[in-house]
Amino acid sequence: MDMIESIECVSSSDGMEDDDAMSSNLPRPFLKASAAAAIAVASIGVVPSGGGGASGAGAITGPLIPPATSVHELLECPVCTNSMYPPIHQCQNGHTLCSTCKARVHNRCPTCRQELGDIRCLALEKVAESLELPCRYYTLGCPEIFPYYSKLKHESQCNFRPYSCPYAGSECSSVGDIPFLVSHLRDDHKVDMHSGSTFNHRYVKSNPREVENATWMLTVFHCFGQYFCLHFEAFQLGMAPVYMAFLRFMGDENDARNYSYSLEVGANGRKMIWEGTPRSIRDSHRKVRDSHDGLIIQRNMALFFSGGERKELKLRVTGRIWKEQQNPDSGACIPNLFS
């Protein structure tokens, strides 16, 4: 990894019983009448007549399993334990599994080892159409309940879903809410933390021609009760190395639109200024970088700003963050310059 040789930063401040009790609080699947009837029919048994039986032709027992609690288990793939979506496959003995796992088990039923073939469980797919389930992020605060086949789309965009770690220096797989990620960045990645809405960074590198797609720096700023990630890095843009700075908001995109930021770099009577809206960390670091949504400095310009004999990179990047205020009359946003 390409490393910074020196950095100066100046920031201006502005038990079983317990398990049962817990599970009782979780929402249960909801069945429409047609689906409940289908599960009930599938769950009753017929007892042959004779031998002193109570009825002449046959007696029907009650449901062997409670429909509302068992239907979700019926839609759970026995291999990956994820919810199954069409096409749902089954073997000749009625054992089901999802289409993804069908390819993984080499066309053999994982339950009875019989050949699977291409049998669709249309009845179970029909039952799923009438099923309503809570969002998988219910325990994180999402109150929504969706039809079974709409649930996946919502969960991919749910505002309560965990955030991915915004650190770009390694492929970090940590996920969590914002307080967790702030502690994770500070304790595990040793990221610099600063309070205030203005910043002043000086980046120094002895050989600016050595650029190997390396992230240089991530700094977290806390202001307006929110957290922001300031990225500064060097990478190849086509055949030429460039330097780029941009800001990401630790929260959702809708909240990110309430803020703006500016970045400025310059020397020798020249300067470049960038103003924009911070991107949410829902957008990956690479996605933001590849969209060029930030202050981009070509190497020749960076060396010009560095002065001297253009053999050493010395860039001073300053900036600030401000919160936009909504104008109740026009609906337009006006800047709030006070942190």
Side-chain angles (χ1 to χ4, degrees), residues 4-14 166-169 178-179 181-186 189-205 215-234 242-281 283 285 288-289 291-297 301-302 304-307 313-327 332-339:
I4 298 182
E5 295 175 356
S6 66
I7 302 172
E8 297 177 6
C9 174
V10 180
S11 300
S12 58
S13 296
D14 348 310
Y167 190 75
I178 299 303
L181 288 181
V182 170
S183 299
H184 168 69
L185 289 171
R186 181 189 63 239
H189 294 297
K190 310 302 180 185
V191 169
D192 289 335
M193 301 282 175
H194 297 277
S195 296
S197 59
T198 63
F199 42 88
N200 186 340
H201 284 298
R202 184 170 181 263
Y203 302 95
V204 178
K205 191 176 188 310
T215 296
W216 277 21
M217 187 174 181
L218 169 64
T219 307
V220 173
F221 289 89
H222 181 237
C223 55
F224 306 106
Q226 306 291 341
Y227 290 92
F228 300 83
C229 295
L230 175 64
H231 297 266
F232 189 90
E233 63 181 81
V242 297
Y243 309 97
M244 183 176 179
F246 57 90
L247 194 72
R248 287 201 291 167
F249 174 74
M250 296 188 70
D252 284 318
E253 181 180 358
N254 289 337
D255 294 327
R257 295 194 186 103
N258 295 325
Y259 302 90
S260 296
Y261 74 102
S262 65
L263 297 171
E264 180 177 318
V265 61
N268 301 321
R270 308 288 192 274
K271 65 181 178 181
M272 296 174 61
I273 299 176
W274 165 270
E275 287 193 2
T277 301
R279 296 282 287 270
S280 167
I281 61 172
D283 291 335
H285 163 269
V288 179
R289 191 193 75 176
S291 68
H292 305 160
D293 191 2
L295 175 65
I296 297 179
I297 312 163
M301 183 63 70
F304 175 79
F305 288 148
S306 299
L313 181 70
K314 295 180 180 179
L315 286 179
R316 183 176 295 278
V317 178
T318 62
R320 66 185 179 92
I321 306 167
W322 65 91
K323 184 176 183 178
E324 303 285 355
Q325 288 183 329
Q326 193 76 21
N327 187 329
C333 287
I334 56 177
N336 176 16
L337 304 181
F338 303 97
S339 60

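- Residue L230 holds its CG atom at 11.0 Å from CG of D192, rounded to the nearest 0.5 Å.
- Minimum interatomic distance between M244 and V288 (heavy atoms only, all atoms of both residues): CE-O, 4.1 Å.
- Of the candidates D255, D293, D252, D293 is the only one forming a salt bridge (Lys or Arg N to Asp or Glu O under 4.0 Å) with R279.
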Go through the steps for S260 and E324 under the test side-chain hydrogen bond (donor to acceptor under 3.5 Å, both in side chains), then give the verdict.
CA-CA 7 Å; S260 296; E324 303 285 355; 2.6 Å; yes
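- Inter-residue side-chain proximity for L263 and F199 is flagged as met; some heavy-atom pair is nearer than 4.5 Å.
- A pairwise comparison of heavy atoms in C229 and V220 identifies SG-CG2, 4.2 Å as the closest pair.
- Here CG of L315 is found 5.0 Å from CD1 of I297. Values are rounded to the nearest 0.5 Å.
- Annotation: side chain of S197 is not in contact with side chain of R320 (no heavy-atom distance under 4.5 Å).
- Taking the ring centroids of Y261 and F228, they lie at or beyond the 6.0 Å cut-off.
- Between V191 and L218, the closest heavy-atom pair is CG1-O, 3.3 Å.
- A donor-acceptor pair under 3.5 Å is absent between the side-chain atoms of R186 and the main chain of M193, judged by distance alone.
- Residues forming a ring pair (Phe, Tyr, Trp, His ring centres under 6.0 Å) with Y227 (at least two apart in sequence, or on another chain): H222.
- Below 30°, between 30° and 60°, or above 60°: for Y259 and F224 the angle between ring planes is between 30° and 60°, a tilted geometry.
- Side-chain atoms of R248 and H285, non-hydrogen and from C-beta on, do get closer than 4.5 Å to each other.
- Every side-chain contact (heavy atoms from CB on, under 4.5 Å) that A256 has, sequence neighbours left out, goes to F249.
- The nearest pair of heavy atoms linking G251 to I178 is N-CD1, 4.2 Å.
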